[in-house]
Amino acid sequence: QVHLVESGGGLVQAGGSLRLSCAASGRTFSNYAMGWFRQAPGKERETVATISRTGRSTYYADSVKGRFTISRDNAKNTVNLQMNSLKPDDTAVYYCAATTRYYYYTDYQEYNYWGQGTQVTVSS
């Protein structure tokens with residue numbers, strides 16, 4: 001069982017940066033692969049980035065490669081998403097999620113614990 005709470009969202013101009021954080025409760029954090037997902041109004045939820053239990057393996061959507069970085073600190077029970085060179089298309093509610101399954105899956109349907117989300121708005 002894990003509780004997830006996102007923070008760090010806000011309003012930023014195109015080209016700017018934001019750092020999202022996800023704080024997890026529970027002593028089994030290191031047993032979960034983690035992911036960041038986003039959903040814009042009228043659009044389906046999409047995977048942004050995922051990270052393995054150890055943090056040694058990561059996945060990035062093509063749309064964010066080279067701009068976003070996912071990381072985790074198992075000692076602090078946190079997972080972060082550094083977002084640089086933000087674009088208006090990055091505007092969405094961003095969710096942190098965890099999976100009890102082994103792999104750092106790229107499909108959001110594989111994740112079974114979710115935070116409440118944090119709004120990211122990028123103006124042009």
Side-chain angles (χ1 to χ4, degrees):
Q1 183 86 330
V2 61
H3 250 5
L4 305 173
V5 180
E6 303 96 333
S7 63
L11 175 65
V12 65
Q13 291 188 66
S17 298
L18 284 174
R19 183 177 178 86
L20 305 183
S21 294
C22 176
S25 65
R27 56 186 295 174
T28 59
F29 178 71
S30 63
N31 291 336
Y32 300 91
M34 305 291 295
W36 284 99
F37 306 83
R38 66 188 182 188
Q39 188 164 21
K43 295 184 177 181
E44 295 184 33
R45 181 163 45 179
E46 64 176 329
T47 303
V48 176
T50 63
I51 189 166
S52 64
R53 294 178 299 171
T54 63
R56 292 176 184 150
S57 299
T58 57
Y59 161 83
Y60 295 96
D62 287 342
S63 60
V64 306
K65 278 183 179 176
R67 300 189 298 121
F68 291 11
T69 302
I70 187 172
S71 62
R72 69 187 296 162
D73 187 338
N74 288 348
K76 296 182 178 180
N77 282 12
T78 58
V79 60
N80 303 305
L81 185 69
Q82 178 65 47
M83 306 186 294
N84 299 326
S85 301
L86 283 161
K87 306 174 181 179
D89 283 350
D90 294 319
T91 296
V93 176
Y94 283 70
Y95 298 92
C96 174
T99 178
T100 56
R101 302 175 181 89
Y102 182 81
Y103 189 64
Y104 54 109
Y105 300 94
T106 60
D107 187 346
Y108 73 88
Q109 296 183 75
E110 297 288 349
Y111 291 77
N112 47 2
Y113 294 99
W114 293 83
Q116 83 288 350
T118 186
Q119 177 71 47
V120 171
T121 302
V122 184
S123 62
S124 60

Report yes or no: do N84 and Q82 form a side-chain donor-acceptor pair below 3.5 Å? yes

Working to the nearest 0.5 angstrom, can you tell me the gap between D73 CG and S30 OG? 11.5 Å

Grab the two heavy atoms, one from V2 and one from A24, that are nearest each other, plus how far apart they are. CG2-CB, 3.7 Å

Taking all heavy atoms of N31 and all of R53, pick out the closest pair and write down the distance. O-CD, 3.2 Å

Could you grab the distance from atom CE of M83 to atom CZ of R67, nearest 0.5 Å is fine? 9.5 Å

N/O donor-acceptor pair under 3.5 Å between E6 side chain and C22 backbone: no

From OH (Y59) to NZ (K65), nearest 0.5 Å: 7.0 Å

Following the transitive rule for hydrophobic clusters with a side-chain heavy-atom cut-off under 4.5 Å over Ile, Leu, Val, Met, Phe, Trp and Tyr, establish whether Y60 and Y104 coincide in one cluster. no

I'd like to know whether C96 forms a side-chain contact (heavy atoms from CB on, under 4.5 Å) with V79, so could you lay out the CA-CA distance, the side-chain angles of the two residues, the decisive distance to 0.1 Å, and finally the verdict. CA-CA 8 Å; C96 174; V79 60; 3.5 Å; yes

Smallest separation among heavy atoms of N74 and N77, with atom names: O-OD1, 3.0 Å

If the threshold is 4.0 Å, N to carboxylate O, is there a salt bridge linking K87 and D90? no

Parallel, tilted or perpendicular: ring planes of Y32 versus Y113, cut at 30 and 60 degrees: perpendicular

In a check of side-chain contact (heavy atoms from CB on, under 4.5 Å) between I70 and each of V48, V64, T58, N80, which one passes? T58

Considering all heavy atoms of both residues, which atom of R38 and which atom of Y94 are nearest to each other, and what is their separation? NH1-OH, 2.8 Å

Counting only N and O atoms by type, is there a donor-acceptor contact under 3.5 Å from the side chain of S57 to the main-chain atoms of S52? no

If you take all heavy atoms of S124 and A14, which pair is closest and at what distance? CA-CB, 4.4 Å

Transitive ILVMFWY side-chain link V5 to Y95, under 4.5 Å: no

As an exercise, state the distance from CD of Q13 to OG of S123, rounded to the nearest 0.5 Å. 5.0 Å

When rounded to the nearest 0.5 angstrom, what distance separates CG in L11 from OG1 in T121? 6.0 Å

Within the supplied structure, the quantity of interest is the number of heavy atoms (other residues, nucleotides, ligands) at a distance under 6.0 Å from Q116 CD; does it exceed 12? yes

Joint cluster assignment, Y108 & L20, ILVMFWY side-chain distance < 4.5 Å: no

Is L81 reachable from I51 through a run of hydrophobic residues whose side-chain heavy atoms are each under 4.5 Å from the next? yes

F29 six-ring face occupied by R72 cation (under 6.0 Å, within 45°): yes

For A92 and Q119 the tightest heavy-atom approach is O-NE2, 3.4 Å

Quick one: do T78 and S21 satisfy side-chain contact (heavy atoms from CB on, under 4.5 Å)? Show the steps, please. CA-CA 7 Å; T78 58; S21 294; 5.9 Å; no

Taking the ring of Y111 and the ring of F37, is the distance between their centroids below 6.0 Å? yes

Check the hydrophobic clustering (I, L, V, M, F, W, Y; side-chain heavy atoms under 4.5 Å; chains of links allowed) and say if V93 and W114 are grouped together. yes

From E44 CD over to Q39 CD, what is the distance, rounded to the nearest 0.5 angstrom? 8.5 Å

